[in-house]
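Working notes, structure below.
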Amino acid sequence: MKTIMVTGGAGFIGSHTCLTLLENKFKVIVVDSFQNSSPIALEKVNFLLEKKIINIKNKFKIYKGDIENLNFLEQIFKDTYINQKIDAVIHFAGLKAVSESVRNPLIYWKTNVGGSINLLKVMEKFNCNNLIFSSSATIYSNKEKPPFQENSLKGPLSPYGNTKLTIEKILEDIYKSFPNKWRICNLRYFNPIGAHQSGVIGENPKGSPNNIFPLILNVAASNSRQFEVYGKDWETNDGTCIRDYIHVMDLADGHMTSLNYLLNNPPQFINFNLGTGKGTSVIELIKTFEDINNLRIPYVFSKRRSGDIPIIIADNKKAVEFLKWTPKLNLSDMCKDGWNWKCKNPNGYND
Ligand code: NAD
């Protein structure tokens, strides 16, 4: 049984990935400060699995702490290595709000880049050389025509995107310093939405949400609010921005297949786009949400947001070929499962 450390495991993508890993017989060690998440997410993962997995307590460990604290990270490796090694790390922990990163870039560099360097130092010290990193489609340049391939031009527009691209470069340098040792995979996510089909875990943004889907869920759950669509004059069919939405459970599955790929192949440094390859406009997303859930989302148009780009779509052929992974769930599933989570948990984890 392989042991995987999951930094940021209580977050949106992290919690769904922990569930998938545990269901597929991995042991999981979560490291999370809970600064943007709730420990209840992990209690819910435990709840979903306790009847299926014997002795889950020994297979699912949780450490509360900050990846910026080197001693804390070292102590977890020391404690774990008494009985077992850590076979790989999936590194989700970090800050992800583009607009906040524009207002406060230093915090983004400190947490995302500084925290990643700490993690890498400790991994190096304990000879743990297998890593999956949460990168993002935001690293691609808007000068490139979508769909983006892994080798498309890079050119992030925000400090957040800059930190992601910088971490990728650090990882490439580390790989090159010991190419016979490191197995590193950057997963560049497109737009993860939806929730686990049970509605027991889902996206639980702290404070006001920044992403489109939690905003739609909030409008759907309120009788009064309207959804704001930024721009109706983009160069797209209906004038609204197009994104590549992917179900969070397909993304979780993408992490598991990447892990199996890395652990069963020679040392390497590799990048994969995790998206569906299908573009959906804001209006199409709203319509699908309305149809599948049989409700109305009132919306108004407002001006374009600075920094937005009209079309972001993944070319996911490389992931499909190398990982034998294909997204199985469609936009209706994403809208149905996301709404199911919201109906069952109107206030998120409510802690
Ligand atoms: P999230 O905010 O829900 O999860 C991040 C987790 O990291 C949270 O649980 C948070 O408490 C934890 N964390 C933050 N700083 C920490 C620190 N210093 N020490 C320990 N824990 C810390 O975000 P998410 O949507 O699950 O995203 C996970 C990763 O994927 C992030 O790195 C994000 O940049 C990346 N990503 C997300 C998206 C998306 O749309 N959700 C898209 C592309 C990439």
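Order of appearance sets the numbers: ligands from 1, and atoms from 1 within every ligand.
- Looking at Asp66 and Ser33, their side chains never bring a donor and an acceptor atom within 3.5 Å of each other.
- Residue-ligand proximity: Pro192 is placed with a non-hydrogen atom under 4.0 Å from ligand 1.
- Under a 4.0 Å criterion applied to the non-hydrogen atoms of Ser134, ligand 1 contributes the atoms 29 (C), 30 (O), 32 (O), 35 (C).
- For an aromatic pair to be called close, the ring centres must be under 6.0 Å apart, and Tyr349 with Trp341 satisfies this.
- Heavy atoms of Asn191 stay at 4.0 angstrom or farther from ligand 1.
- The backbone N or O of Thr240 sits less than 3.5 Å from a side-chain atom of Thr236, completing a donor-acceptor pair.
- No salt bridge links Lys318 with Glu150; every basic N to acidic carboxylate O contact stays at or beyond 4.0 Å.
- Protein heavy atom at the shortest distance from atom 4 (O) of ligand 1 is Gly11 CA, 3.4 Å.
- Under the 4.0 Å criterion applied to side-chain N and carboxylate O atoms, Arg304 and Glu228 are not assigned as salt-bridge partners.
- Looking at Ile13 against ligand 1, both its backbone and its side chain come within 4.0 Å, counting heavy atoms.
- Looking only at heavy atoms of the protein, atom 22 (C) of ligand 1 is closest to Ser33 OG, 3.3 Å.
- In terms of protein heavy-atom proximity, atom 30 (O) of ligand 1 is nearest to Tyr189 CE1, 3.2 Å.
- Nearest heavy-atom pair, Met5 versus Phe77, reported as atom, atom and distance to 0.1 Å: CE-CE1, 3.5 Å.
- Under the 4.5 Å side-chain criterion, counting only non-hydrogen atoms from C-beta, Met123 is in contact with Leu119.
- Under a 3.5 Å cut-off, the side chain of Thr3 and the backbone N or O of Ile86 do not form any donor-acceptor pair.
- With hydrogens and angles disregarded, no donor-acceptor distance shorter than 3.5 Å links the side chain of Asp87 to the backbone of Lys2.
- Scanning all protein heavy atoms for the shortest distance to atom 42 (C) of ligand 1 gives Phe190 O, 3.9 Å.
- Where the criterion is an N or O separation shorter than 3.5 Å, residue side chain and backbone included, Ser136 fails it with respect to ligand 1.
- Only the side chain of Tyr160 comes within 4.0 Å of ligand 1, judged by heavy-atom distances.
- In this structure, Gly65 counts as a contact residue of ligand 1, since one of its heavy atoms falls inside 4.0 Å of the ligand.
- In this structure, the protein non-hydrogen atom closest to atom 18 (N) of ligand 1 is Asp66 OD1, 2.8 Å.
- The backbone of Ser135, and not its side chain, has at least one atom closer than 4.0 Å to an atom of ligand 1 (non-hydrogen atoms only; backbone = N, CA, C, O).
- Distances from atom 14 (C) of ligand 1 to the heavy atoms of Ala137, Ser101, Gly94 show the closest one on Gly94.
- At a 3.5 angstrom cut-off on N or O pairs, Lys164 counts as close to ligand 1.
- Of all the atoms in ligand 1, the ones that sit under 4.0 Å from a non-hydrogen atom of Thr111 are 15 (N), 18 (N).
- Distance from atom 10 (C) of ligand 1 to its nearest protein heavy atom, with residue and atom name: Asp32 OD1, 3.5 Å.
- Here Glu172 pairs with Lys176 in a salt bridge; the nearest charged N to carboxylate O distance falls below 4.0 Å.
- The nearest protein atom to atom 24 (P) of ligand 1, hydrogens excluded, is given as Lys96 NZ, 3.7 Å; this is a heavy-atom distance.
- When only interatomic distances are considered, the shortest N/O to N/O separation between Ala93 and ligand 1 does not fall below 3.5 Å.
- Two rings, from His255 and Phe272, have their centers 6.0 Å or more apart.
- Between Tyr81 and Phe126, the distance separating the two ring centers is shorter than 6.0 angstrom.
- Those atoms of ligand 1 with a heavy atom of Phe34 less than 4.0 angstrom away are 11 (O).
- You'll find the side chain of Ser38 reaches within 4.5 Å of the side chain of Asn204, heavy atoms only.
- Looking at ligand 1, you'll find an N or O of Ile67 within less than 3.5 Å of one of its N or O atoms.
- Nearest-residue assignment for atom 29 (C) of ligand 1 (options Phe12, Phe92, Phe72; heavy-atom criterion): Phe92.
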